[in-house]
There are 2 protein chains.
Amino acid sequence: MDWPVMTWGAPHAERADAVRNRLHLLATAREMLAELGADRLTMDALAERSGLGKGTVFRRFGTRAGIFQALLDDGERAFQEQVLSGPPPLGPGAAPLERLIAYGRARVGFLMEHREIARAALDGRQPIPAGSQTPLSQMHIRMLLGQIHLGPANLDILAVQLTAALDGPLLLYLSAADLRHAAPQAEQRLAQSWQDLVQRVCRP
Amino acid sequence: MDWPVMTWGAPHAERADAVRNRLHLLATAREMLAELGADRLTMDALAERSGLGKGTVFRRFGTRAGIFQALLDDGERAFQEQVLSGPPPLGPGAAPLERLIAYGRARVGFLMEHREIARAALDGRQPIPAGSQTPLSQMHIRMLLGQIHLGPANLDILAVQLTAALDGPLLLYLSAADLRHAAPQAEQRLAQSWQDLVQRVCRP
DNA sequence: AGCATAACCGGACTTTACCCCGCTTAGTGG
DNA sequence: CCACTAAGCGGGGTAAAGTCCGGTTATGCT
């Protein structure tokens with residue numbers, strides 16, 4: 001799917017009605033999500049409820065998972081702002097290792113809060129979609145790793161591995177039932193374990 | 001889905017015709033997989049080609065992903081045998097850390113070899129299915145971690161994290177195109193990075 | 001303003017995973 | 001050998017994802 005790029009004034013800019021529809025669809029999707037839960041949010045229903053055609057829904061988001069990815073991106077934007085320019089230890093100003101630990105804790109919280117959306121955003125056929133979710137997470141981890149003095153190591157792959165270690169448990173291995181049952185404890189333990197892992201990896 | 005347990009002689013054992021059909025379906029699935037690729041392997045086609053009803057296919061495997069999980073399990077069984085009783089450094093006899101490194105290398109190879117099936121075995125709705133794939137991997141890593149003297153650490157979660165760091169890149173983050181393009185290199189780099197990661201985590 | 005064109009829209013259509021339920025058959029105990 | 005029962009079987013039916021294309025509308029240019 002080739003998304004219309006949002007370069008201003010350039011040719012192929014997103015048309016005004018398209019923007020309107022996109023925002024309206026996202027709002028409607030959020031409503032339905034809160035009302036019905038992720039797996040009862042169907043494309044037909046979304047189209048009907050928003051008063052638009054099904055074709056429009058698919059052109060805007062490409063795929064069902066795409067909707068959840070877009071929804072997640074919204075949250076991610078706010079989150080990234082905290083990370084990039086918020087107060088330490090999450091934002092700049094703290095030591096890189098502290099930031100890395102704080103980042104993991106915050107991301108666990110974020111994913112836990114949006115776990116329904118995050119799960120639904122996974123698409124079996126395609127790997128993690130461009131412009132969404134992980135790339136940002138991975139890039140941030142990669143950046144912080146670069147600021148920590150580590151011996152010889154392939155920081156790019158290490159960042160991928162750490163991202164997987166951070167997201168994987170929540171996205172892949174813990175069942176929804178596990179989480180619903182004891183979410184706060186799970187969140188605490190995952191954050192703590194992330195800290196342990198990072199400290200192990202990054203010590204001299 | 002509640003699979004018939006294979007406790008011998010106990011009530012509810014898997015019936016003979018069911019076994020026949022299951023094996024036949026798996027064989028047919030393997031054929032179609034080799035011939036058409038994973039995403040053209042459809043349930044209807046599988047049913048028709050195997051000469052069985054659609055209902056039978058679903059009763060046997062529960063879901064589309066279930067077929068690929070079953071297929072993967074077959075390979076996994078052979079793999080596990082190597083791990084549990086093959087020659088060192090993979091099998092017993094080597095130091096735990098060496099075994100852990102060797103295990104990662106072997107698993108990367110295994111997943112790379114079966115990446116199409118492994119991807120297709122992921123089910124968006126459900127977390128990693130019981131009796132399949134990761135639990136074995138996770139358990140093995142957990143066991144080896146237990147044999148390495150680590151400081152205070154939650155070995156259970158650490159095992160989950162390492163499993164994610166091992167499987168995640170291949171299952172989630174690397175696109176099929178990336179892999180097709182430079183599979184051997186990717187395999188080498190992932191194995192090397194696994195070794196780096198584990199050595200970092202497990203040093204005193 | 002008027003025109004040309006590129007996006008966009010809608011909804012019918014196709015494909016496919018998955019469900020259901022009446023019928024059949026394999027196993028068992030007498 | 002026979003009945004009995006639970007498991008298994010088949011294939012038509014449903015719902016939801018994703019595609020297509022003829023008609024519509026926004027936008028840039030003159």
Side-chain angles (χ1 to χ4, degrees), chain A residues 1-25 28-29 32 36-69 120-126 129, chain B residues 1-25 28-29 32 36-69 120-126 129:
Chain A
M1 113 187 188
D2 58 329
W3 249 50
V5 194
M6 274 196 278
T7 39
W8 228 39
H12 300 267
E14 196 184 9
R15 237 165 66 171
D17 51 352
V19 175
R20 234 187 350 264
N21 285 338
R22 183 164 51 79
L23 295 177
H24 181 220
L25 283 170
T28 311
M32 297 181 68
L36 310 170
D39 41 69
R40 282 192 239 191
L41 168 37
T42 173
M43 303 301 263
D44 287 346
L46 175 58
E48 182 170 10
R49 178 151 169 176
S50 64
L52 296 170
K54 200 156 54 142
T56 305
V57 179
F58 276 95
R59 195 166 328 93
R60 261 334 49 144
F61 300 106
T63 180
R64 181 185 141 87
I67 289 184
F68 295 100
Q69 288 158 22
L122 289 179
D123 187 351
R125 310 176 185 286
Q126 218 66 20
Chain B
M1 113 187 185
D2 58 329
W3 248 50
V5 192
M6 273 197 280
T7 39
W8 227 40
H12 300 267
E14 197 184 9
R15 236 164 66 171
D17 50 351
V19 175
R20 235 188 349 264
N21 285 338
R22 183 163 52 78
L23 295 176
H24 180 220
L25 283 170
T28 309
M32 298 182 67
L36 310 169
D39 42 71
R40 281 192 239 191
L41 167 38
T42 175
M43 302 301 264
D44 288 1
L46 175 58
E48 182 170 10
R49 177 152 171 176
S50 64
L52 296 171
K54 223 180 341 180
T56 305
V57 179
F58 277 95
R59 195 166 329 95
R60 257 345 38 154
F61 300 106
T63 180
R64 182 184 140 86
I67 289 184
F68 295 99
Q69 288 158 21
L122 288 179
D123 186 352
R125 309 173 188 287
Q126 218 65 21

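Quick note on labels: first sequence line is chain A, next is B, and so on, each numbered from 1. Here the structure is a predicted model, which means the values were calculated and not measured.
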Are A:Phe58 and A:Arg64 side-chain neighbours, meaning at least one heavy-atom pair lies under 4.5 Å?
no

Min side-chain heavy-atom separation A:Glu14-A:Arg60 under 4.5 Å
yes

Grab the CG-P distance between A:Asp44 and D:dT14 for me, whole Å please.
16 Å

Establish, with yes or no, whether the OP1 or OP2 oxygen of C:dC18 is under 4.0 angstrom from a side-chain nitrogen or oxygen of B:Arg59.
no

Do A:Leu25 and A:Ile67 have side chains that approach each other closer than 4.5 Å (heavy atoms only, starting at C-beta)?
no

What is the distance from CD of A:Glu48 to P of D:dA15, rounded to the nearest Å?
14 Å

d(CG, B:Leu46; C1', C:dC18) in whole Å
14 Å

When you check the phosphate oxygens OP1 and OP2 of D:dG18, does a side-chain N or O of A:Thr63 lie under 4.0 Å from one of them?
yes

Both A:Gly55 and B:Ala65 contact DNA chain C. Which one's nearest nucleotide lies toward the 5' end?
A:Gly55

Nearest whole Å is fine: how far is C:dT16 C1' from B:Met32 CE?
13 Å

OP1 or OP2 of D:dG8 sitting under 4.0 Å from any side-chain N/O of B:Thr56?
no

By the 4.0 Å heavy-atom rule, please label A:Ala16 as base, sugar-phosphate, or nothing.
sugar-phosphate

Could you check how far CZ of A:Arg40 sits from P of D:dA15, rounded to whole Å?
14 Å

Counting any heavy atom closer than 4.0 Å, what does B:Arg64 reach on the DNA or RNA strands: base, sugar-phosphate only, or nothing?
sugar-phosphate

Taking the side chain as C-beta and beyond, is there a heavy-atom pair between A:Phe68 and A:Leu122 under 4.5 Å?
no

Distance below 4.0 Å between B:Thr42 side-chain N/O and C:dT16 OP1 or OP2:
no

Whole-Å distance between C:dG10 P and A:Asn21 CG?
7 Å

Residue closer to the 5' end of DNA chain D, B:Lys54 versus A:Asp17 (nearest nucleotide):
B:Lys54

Send over the distance from B:Phe58 CZ to C:dC21 P, rounded to a whole Å.
17 Å

Rounded to the Å, how far apart are B:Arg20 CZ and C:dT25 P?
12 Å

Considering only heavy side-chain atoms of A:Arg15, the closest of C:dA7, C:dC9, D:dG8 is C:dA7

Can you tell if the side chain of A:Leu36 reaches within under 4.5 Å of the side chain of A:Leu41, non-hydrogen atoms only?
no

